[in-house]
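The block underneath contains the structure these notes are about, expressed in structure tokens.
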Amino acid sequence: MTDREGPASIAAPGVSIPAATSPAPTASAASTQTSGGAIANGLTDAAAPQDAATNHTAQPAAPPEDDAEARLARLFLEDLAVTALLRQGRALKPNEMAGADGFAPSRAALREALQDSRRVTPRERDWDLTLRRTWTARPRDERSRQPLEGTLETLLLEIGKPLPLPVVVRELSLMRGVLPEAVRDAAANILRTARSIIEVAPGAWLHRSFTLDAGAPREELIIRENNLEADPDWRALQSREFAPPADDSSANAASSGAASANAALAARAAAILRAAGRPLSQKALGFFLWKQNPAAFDARALATVMADRSAFYSFVGGLVTTQAQTAQWRAATEAWLRGLQNAGADALDVAALLRQRLPAESLVAPSPADLEELKKATRAGRGQPLSVAMALVDLLEIEPDDPAFVPMLQGFNDALRRNSAEWLPAGSGRFLLREMVPATVSEVPEVLRPVHVSIRNNETHEPFDIEMSDDGLEGDCTEFIHAPQWEDIGEEVEVKLARRVEGEAAATARSVVTYPHYQAGTLKLRRVDEEFFPLEGALSRLAVRAQDEEGSEELGAWASRDSGLISGLGDWFKPRLPHSGGVLEWSRNAGGGLLLAVGAPDKLTFVDAERVAELEELQERSAYLSLFDLLQSVMDGHPQGAELPALWAEVNVVRRTTKRLVCSVLCAYHCFYFKQRGPKQILWRFDEGKLDQGFKRNKRKYVRR
């Protein structure tokens, strides 16, 4: 590996950062402090330089008031930026700040997130490490006079995560203004011999001050010596008891070998991180592990375990998390980024800029290279619509106040609109790349299409199953048919509630998943919910954070006005919901992102697994059964009667049937009748003794032809 290469050991995983972090560790001597100030760490301001006489560190200033999700995003993006800058070894443009999986924030996001960062700083239109910029601004002779060991410790303290030798050598050469060969051997020797530096993985080094010093004889002294009172995470969790895993074997792990001991330590550390629900500093994590077994605690062993990137990830500033939790941290950051992007688009008023009348010859069309850049950015966005305005700012670095901005905006917008083979309109100045859109998102699966079997009465030669107008319906049938709650594919003209006044958009929504939608892996996009979901155009990409007791997961869904469906969530909700009557509850986080959780089953449409199995046995022969006959079989299972939603749900396990058809058949025959039970409950029943009375003659005038 050359000095210009970025080692895999510091590749960013593309995950977010915790909502709360620990203060930076202090240096062991004045020479280890960064020039120009103390080291920033996490959400707190930097600790003041250590007083060598007192060996104490000043309390950091309280973090500024900020939204929790914004703090998550700011910390994530700082780690992402630092990691990218270390990997590349040079200043980077915003579109070069990408994680290992291609996740790349916009310029606006970087500006907002990193404006107060002490580790990275803007450099004209690029970003660079503050440490590099500060040191390279000094005269070369002044830099070369600084002790190499102090410079090296400053680097490790500033970054706060394990660094491999090639990166250390490259950064030292930049900081001191010398060739890498001039410092390589000396740096390697210092890393091997310095007491303040430990090797946590083969060839990867961390400053010891990020680990817990457990040498004091009493707990209160350990807390004081490690300055844990200044760690907001430690303060929030100090009263909790973190029990080791039930299968913990740490008591005899040491006697069975180092590998077993490290495995047991890793399991205990992961259990604490999961229980804490946030990344922790190695000091805080070490303290909780020390409390479990003070005699066996080994800070160096913990640092080695934390360096295992297959199980853990180290953030800047000495924080660690499990790899299994990283999706949760990233999801919070992506939600914040979407809110920031929406806010920027609103401030720009793209629609007004597109309405401006400009001469056709003044418009600037995209070049083939520009179009490829737009496609590349859209692919990296995992299906999110491309904002032409944001693309001009982020990709081409054309600021909105540039005279060329509006001609380029209109020229690019016109070009994408004309290229319908590759792009789909998704709102004003926003487009979807067709290749990112699943082919089936606007199609209605066959299992959702209502079936009407035409079987006639042998005596009257009239069809058994008929539909009636509202005037011929009885009981609660009319209300049930037109209730927005039960809208579905192929049903009535959907109800759209009166528009709310501005600022009163629905904060929550509830989706009941009946059997056909469970099979198709879809949800009904009801008109009453359109104000809740952020819909733009006929097809919208929905970024959803689904969460349950196991954690959270970022999902991509598609909402199609053409099909009236939300698709793409089936793989997540099928293992978590019953086959009929499962409930998904929607809400929004502080940044406006969509949150999805499993709710209690819907009492009216819930069908247990045993009953589903019974009804599924009717599916094959249902092609030869009229609904009149099918209802008799279904209602045999409800001798005391059942409410309309329950009957409709069970019939739909057998075959997809509309509410109007179910209600019409129930109201048209003497053998079906209803009884009022309480002010709001009506039960429908079947009386086999009235089968021979057949069709109600007074209903004929209401039959739809």
Side-chain angles (χ1 to χ4, degrees), residues 7 9-10 21-42 44 46-50 52 55 57 60 78-79 82-83 86 118-119 129-132 135 146-172 175 183 186-215 225-228 230-231 279-287 298-307 312-320:
S9 60
I10 61 166
T21 67
S22 308
T26 57
S28 59
S31 64
T32 63
Q33 300 301 324
T34 54
S35 60
I39 301 166
N41 183 25
T44 62
Q50 185 183 40
N55 198 32
T57 304
E78 183 179 43
D79 182 82
V82 169
T83 304
L86 288 172
R118 299 192 184 187
R119 291 189 176 89
L129 292 174
T130 304
L131 196 62
R132 285 181 195 160
W135 278 67
Q146 298 293 325
L148 182 61
E149 182 172 349
T151 307
L152 194 156
E153 289 199 30
T154 296
L155 171 65
L156 294 179
L157 281 165
E158 179 73 5
I159 302 304
K161 60 192 297 178
L163 295 181
L165 179 62
V167 170
V168 171
V169 170
R170 184 184 61 213
E171 295 302 320
L172 288 177
M175 292 168 65
V183 295
N189 183 60
I190 292 171
L191 290 172
R192 287 193 300 268
T193 60
R195 295 183 60 187
S196 60
I197 301 171
I198 57 176
E199 187 176 18
V200 295
W205 308 85
L206 179 72
H207 199 278
R208 189 183 296 273
S209 60
F210 287 99
T211 65
L212 183 76
D213 182 355
E225 291 297 323
N226 289 278
N227 200 23
L228 288 173
D231 184 337
L280 298 174
S281 69
Q282 279 205 45
K283 284 194 172 185
L285 177 61
F287 177 82
D298 185 340
R300 189 185 187 103
L302 176 61
T304 301
V305 166
M306 291 298 103
F312 300 95
Y313 179 73
S314 299
F315 297 114
V316 291
L319 285 99
V320 292

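Residue numbers run from 1 in the order of the sequence given.
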Not counting sequence neighbours, which residues clear side chain to side chain contact (heavy atoms under 4.5 Å, CB included) with N189? List them please.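 Result, side chain to side chain contact (heavy atoms under 4.5 Å, CB included) vs N189: R192, T193.
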Please enumerate all residues that pass side chain to side chain contact (heavy atoms under 4.5 Å, CB included) together with A186, with sequence neighbours excluded.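 By the side chain to side chain contact (heavy atoms under 4.5 Å, CB included) rule, A186 matches L148.
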Going through the checks in order, is the side chain to side chain contact (heavy atoms under 4.5 Å, CB included) test met by L157 and F210? CA-CA 8 Å; L157 281 165; F210 287 99; 4.2 Å; yes
Under the 3.5 angstrom rule, does the side chain of [X] hit a backbone N or O of [Y] as a donor-acceptor pair?
| X | Y | result |
| --- | --- | --- |
| R119 | E78 | no |
| N226 | L228 | no |
| E199 | G203 | yes |
| S281 | G318 | no |

Decide side chain to side chain contact (heavy atoms under 4.5 Å, CB included) for L129 and E158; before the verdict, give the C-alpha distance in whole Å, the side-chain angles of both, and the deciding distance to 0.1 Å. CA-CA 10 Å; L129 292 174; E158 179 73 5; over 6 Å; no
[X] vs [Y] side-chain heavy atoms within contact, under 4.5 Å:
| X | Y | answer |
| --- | --- | --- |
| Y313 | V320 | no |
| L163 | L155 | yes |
| L86 | E171 | yes |
| M175 | L131 | yes |
| I197 | L152 | yes |

Inter-residue atom distance [X].[atom1] - [Y].[atom2], 0.5 Å rounding:
| X | Y | atom1 | atom2 | result |
| --- | --- | --- | --- | --- |
| T154 | W135 | OG1 | CH2 | 5.5 Å |
| L212 | L285 | CG | CG | 9.5 Å |
| S196 | L206 | OG | CG | 10.5 Å |

List the steps and the verdict of salt bridge (charged side-chain N to carboxylate O under 4.0 Å, His left out) for D79 and K161. CA-CA 10 Å; D79 182 82; K161 60 192 297 178; 3.3 Å; yes
Work out which heavy atom in L172 is nearest to a heavy atom in A187; give both atom names and the distance.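 Looking at all heavy atoms of both residues, the shortest contact is CD1-CB, 3.8 Å.
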Audit row: R208, D213, side chain to side chain contact (heavy atoms under 4.5 Å, CB included) steps and yes/no: CA-CA 9 Å; R208 189 183 296 273; D213 182 355; over 6 Å; no
Residue of the set I198, D298, L302 for which side-chain contact (heavy atoms from CB on, under 4.5 Å) holds with T211: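 Result for side-chain contact (heavy atoms from CB on, under 4.5 Å) with T211: I198.
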